[in-house]
Amino acid sequence: MLQSNQSVASLTKLRIMKRKTSSQPASSTPPSSPHQSPHFPVKLNSIFASKKPKNILKNSPAITTKASGEWVPLSIGKSELYLPLTFPTGQTFRWKETGPLQYTGVIGPHLVSLKQLENGDVGYHFHHTECEESARLALFDFLNLGISLSEIWEEFKVSDLRFCELASYLEGARVLRQDPLECLIQFICSSNNNIGRITKMVNFLSSLGKYLGNVGGYDFHQFPEINRLAMVSETELREAGFGYRAKYIIGTVEALQSKPSGGLQWLAALRKLNLEEAVDALASLPGVGPKVAACIALFSLDQHHAIPVDTHVWQIATQYLIPELSGTRFTPKLCSRVADAFVCKYGKYAGWAQTLLFIAELPSQKAILPSRFCDAEKVKPAKSKERKKGAHNARSRSMDGNENVM
DNA sequence: GGGAGACCTAGTAA
DNA sequence: ATTACTAGGTCTC
């Protein structure tokens with residue numbers, strides 16, 4: 001039953017690094033046969049220097065060379081990255097499932113496929129890129145490989161038995177490091193919305209960017225620059241199905257254009273702020289409230305303890321962290337209370353812990369977890385009705401088992 | 001500063 | 001079959 005859900009395509013994001021102009025679009029089919037080829041060079045110290053856990057790539061053997069048609073192994077293993085728990089779980093709406101255990105997306109100007117190899121490792125393949133080296137760096141950065149998932153999970157496991165048990169079934173649920181602009185726009189689209197529709201909206205905006213190629217029947221584009229986004233009218237967006245979010249997109253794009261340092265710079269600078277400052281800055285943009293801001297902060301701004309609180313996270317929190325509030329109704333005022341509870345329990349990387357707990361609540365995952373993880377039914381607030389099957393809130397990342405986006 | 005209602009759509013219930 | 005209502009996050013009043 002996991003499969004049906006995984007058909008949800010996810011998309012990606014690019015890094016905030018300078019965009020390279022890429023050359024001719026490539027129409028290619030992802031390689032089909034995993035190939036044990038050499039490892040890649042690992043010169044990421046400067047990039048990841050500030051990260052806490054040791055760089056999991058640090059000791060990887062150097063080498064490289066990848067012939068097209070091959071999967072180049074990342075040599076990190078499933079415990080560090082398991083694609084089905086990372087890409088189609090609501091962090092990004094730009095990556096597509098293009099094969100069994102295979103996902104394709106765009107990182108900056110690079111079109112790349114990732115595949116879980118038979119030995120558990122993840123292999124990558126660039127379909128379209130001008131510079132292999134910068135593509136590789138962009139990929140490592142996007143995958144947040146400067147952070148050891150297994151290392152921070154160890155700490156969660158020690159302090160939380162339930163996390164420990166879940167982790168053994170849901171290995172490799174990693175938090176990505178997306179491009180802030182892409183992340184911002186995607187999550188503005190996500191507000192009060194369901195995954196199928198969000199994906200359509202994001203696809204529409206993405207198609208305004210430079211075409212990079214087709215993989216598995218899906219067209220891939222570089223995410224459009226701010227000035228390109230600014231050329232779209234609210235009317236066009238509404239006709240494309242954005243609803244009232246159309247004006248949010250327009251307003252946010254205008255706000256970014258008006259930043260003295262430029263929108264991209266302004267967004268990039270948020271990575272240097274503390275969480276509260278970053279969230280406040282983001283919330284100054286139309287269409288960005290506490291929840292969307294937390295998503296952007298966690299998924300693109302290195303704010304590892306950001307907790308996107310929605311009704312589903314509220315359920316998790318009242319069930320396991322603050323049972324004294326169980327049965328009460330969620331109000332915005334309680335947002336910080338929930339976030340604090342997560343940080344208090346899990347610390348600096350609370351957002352990463354919360355991501356796993358969230359995924360464990362997805363119908364697709366519950367289906368493969370032992371029943372003891374499912375019997376603890378949520379205590380619903382008096383006024384709340386049964387949860388619907390269809391429309392799920394975005395952050396509810398694939399909450400919908402029936403979701404069939406593409 | 002907190003609460004209520006509007007916004008938009010898809011899915012569900014009546 | 002149509003209609004009424006619902007969730008979901010942000011904004012406005």
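Numbered from 1 within each chain, the chains take letters A, B, ... in sequence-line order. None of the values given here were measured: they were computed from a predicted structure.
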query = With distance as the sole criterion, is a donor-acceptor pair present between the side chains of Gln178(A) and Gln186(A) under 3.5 Å?
reply = yes
remark   = Ile188(A) atom CD1 is separated from dC8(B) atom P, nearest whole Å, by 16 Å
task = Could you tell me whether Leu285(A) contacts a base, only the sugar-phosphate backbone, or nothing, with contacts defined as non-hydrogen atoms closer than 4.0 Å?
result = sugar-phosphate
message = I'd like to know whether Lys96(A) forms a side chain to side chain contact (heavy atoms under 4.5 Å, CB included) with Thr199(A), so could you lay out the CA-CA distance, the side-chain angles of the two residues, the decisive distance to 0.1 Å, and finally the verdict.
response = CA-CA 10 Å; Lys96(A) 309 290 185 192; Thr199(A) 304; 3.8 Å; yes
remark   = When rounded to whole Å, the CG to P distance for the pair Leu282(A) and dC11(C) reads 12 Å
message = Closest approach to the side chain of Asn194(A), judged atom by atom: which nucleotide of dT10(C), dC8(B), dA10(B) is it?
response = dA10(B)
query = In whole angstroms, how far is the P atom of dC11(C) from the NZ atom of Lys247(A)?
reply = 9 Å
remark   = note: Leu334(A), atom CG; dG2(B), atom C1'; distance rounded to Å ~ 12 Å
ask   = If you check every side-chain atom of Lys291(A), which of dT10(C), dC7(B), dA10(B) has the closest atom?
value = dT10(C)
ask   = Roughly, in whole Å, what's the span from CG in Leu237(A) to P in dC7(B)?
value = 19 Å
query = dT9(B) C1' sits how many Å from Phe204(A) CZ, rounded?
reply = 17 Å
message = Side chains of Thr86(A) and Gln91(A) only: does a donor on one sit below 3.5 Å from an acceptor on the other?
response = no
query = Can you check whether Gly241(A)'s main-chain N or O pairs, donor with acceptor, with Arg197(A)'s side chain at less than 3.5 Å?
reply = yes
query = Once you round it to whole Å, what is the distance between C1' of dA10(B) and CD1 of Ile198(A)?
reply = 12 Å
query = So, is Arg238(A) near the phosphate of dC8(B), with a side-chain N or O under 4.0 Å from OP1 or OP2?
reply = yes
message = Under 4.0 Å, counting only non-hydrogen atoms across every strand here, what does Tyr248(A) touch: a base, just sugar-phosphate, or nothing?
response = base
Distance, rounded to the nearest Å, where Asn193(A) contributes CG and dT6(C) contributes C1' = 15 Å
